[in-house]
**Student:** 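Here it is: the structure, laid out below.
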There are 2 protein chains.
Amino acid sequence: MVDRIDRQILALLQEDAQLTIQEIGKRINLSKTPVHERIKRMERDGIIEKHVTLLNKKKLGNLLVVFCQVTLAKQTRDSFFEFDRAIAQLPEVMECNRVSGTFDYLLKVVVRDMENYNAFYQERLSVLPGILHISSFFVMAEVKNTTVIPVEE
Amino acid sequence: MVDRIDRQILALLQEDAQLTIQEIGKRINLSKTPVHERIKRMERDGIIEKHVTLLNKKKLGNLLVVFCQVTLAKQTRDSFFEFDRAIAQLPEVMECNRVSGTFDYLLKVVVRDMENYNAFYQERLSVLPGILHISSFFVMAEVKNTTVIPVEE
DNA sequence: GTTGAAACCGGTTGTCT
DNA sequence: AGACAACCGGTTTCAAC
């Protein structure tokens, strides 16, 4: 589905989506045409999902990041479905994963400050249907945070 | 530092970095010039960090995502510093946050499959200096995963 | 902040190997 | 599948309002 050259292109684009096609070609020793074709093909196939702008949290006023472990009262299909649907609507929730282990969901939440977190917690999160328990872990330092999925060996 | 119009631009660019300046202008009722100026200013100020390409994990062969809770043997400044430096080198680690609570770090790890995770766990993670304990939680379903930081109220 | 114009550069397409 | 050339669209810069 993706060969070695595709992976090289993906590695570059994941770091910087603004690289020009010629620049990419220069780095992997290829002319514009095949680079262009490969990118278009991977966009059509959905391997390349989209191009986004990343912002600096610190410059936006040192936002508060919180991880929440959520346990539902019932581990049924409908219960999960309800929660999934509700959580997708909350802009403060940047990530939500259903996990194996001692709780059901792990959420990554971003808010402006503790006051906003309290409001989010009380008024938007804990009121969701089927929740039994929530544990919050506050991020003190962001050591690493990349969008780069390793594609090369 | 950023006004209402800046926030509108950031909201759009976070969703799609390929929007043309005129298209952005049309959506927020502004001409090319000021939109261009504001974006350039926010890039200079570092509010806009970079533009990246996001890939589809499923299309890359259904990668395995694992969250790891890591506890260090000693909670000293040097111990943290050593670990921070080491973890930044591992491409499998997409996120690493130092958190408050019953463990020190929460990691988000991406690997191809369980075999690769085992190798990563044994040969690359558990050998890091100062580690006392690691707990792994496997992601069964990615409910939500966005890079969009909420900037509008 | 708006409008309009001009230069430049990269994406895009077609053709050839 | 890759190289080359020509076209077109958007960015970028400028001037004037």
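Computed from a predicted model, the values in this text were never measured in an experiment. Residue numbering restarts at 1 for every chain, and letters A, B, ... go by the order of the sequence lines. Because only heavy atoms are used, hydrogens play no part in the values below, and waters and symmetry mates are left out as well, while side chains stay in.
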**Student:** Please give, in whole Å, the distance from D/dT11 C1' to B/His51 NE2?
**Tutor:** 13 Å
**Student:** Looking only at side-chain atoms of A/His36, point me to the closest of C/dG1, D/dG2, C/dT13.
**Tutor:** C/dT13
**Student:** Can you work out whether A/Arg41 or A/Thr33 has the more 5'-proximal nearest nucleotide on DNA chain D?
**Tutor:** A/Arg41
**Student:** Using the six-membered ring wherever Trp is involved, compare the ring planes of A/Phe80 and A/Tyr105 and label them parallel, tilted or perpendicular (cut-offs 30° and 60°).
**Tutor:** perpendicular
**Student:** So which atom in B/Thr71 and which in B/Thr102 form the shortest heavy-atom distance, rounded to 0.1 Å?
**Tutor:** OG1-O, 4.2 Å
**Student:** A/Arg44 CZ to C/dT12 C1': how many Å, rounded?
**Tutor:** 13 Å
**Student:** Of all heavy-atom pairs between A/Ser126 and A/Gln122, which one has the smallest distance, and what is that distance?
**Tutor:** OG-O, 3.1 Å
**Student:** Heavy atoms within less than 4.0 Å of DNA chain D: which residues of residues 10-32 of chain B have one? Give them sorted by number.
**Tutor:** B/Thr20, B/Ile21, B/Gln22, B/Lys32
**Student:** Side-chain heavy atoms nearer than 4.5 Å, only ILVMFWY residues, links allowed to pass through others: does that put B/Val70 and A/Phe137 together?
**Tutor:** no
**Student:** Taking a hydrophobic cluster as the set of Ile, Leu, Val, Met, Phe, Trp and Tyr residues connected by side-chain heavy atoms closer than 4.5 Å, whether directly or through intermediates, do A/Leu107 and A/Val65 fall within one such cluster?
**Tutor:** no
**Student:** Counting only side-chain nitrogens and oxygens, does B/Arg38 get under 4.0 Å of the OP1 or OP2 atom of C/dG1?
**Tutor:** yes
**Student:** State plainly whether the residues B/Arg27 and B/Glu23 are in salt-bridge range, i.e. N to O under 4.0 Å.
**Tutor:** yes
**Student:** Looking only at the aromatic ring of each residue, does the gap between the centers of B/Tyr117 and B/Phe138 stay below 6.0 angstrom?
**Tutor:** yes
**Student:** In terms of side-chain geometry, is the basic nitrogen of B/Lys58 or B/Glu142 positioned less than 4.0 Å from the acidic oxygen of its partner?
**Tutor:** no
**Student:** Which helical stems does DNA chain D take part in, if a stem means at least 3 consecutive Watson-Crick or G-U pairs with both distances below 3.5 Å?
**Tutor:** C:1-10 with D:8-17, C:12-17 with D:1-6
**Student:** Rounding to a whole Å, what distance do you find between A/Glu37:CD and C/dT12:C1'?
**Tutor:** 12 Å
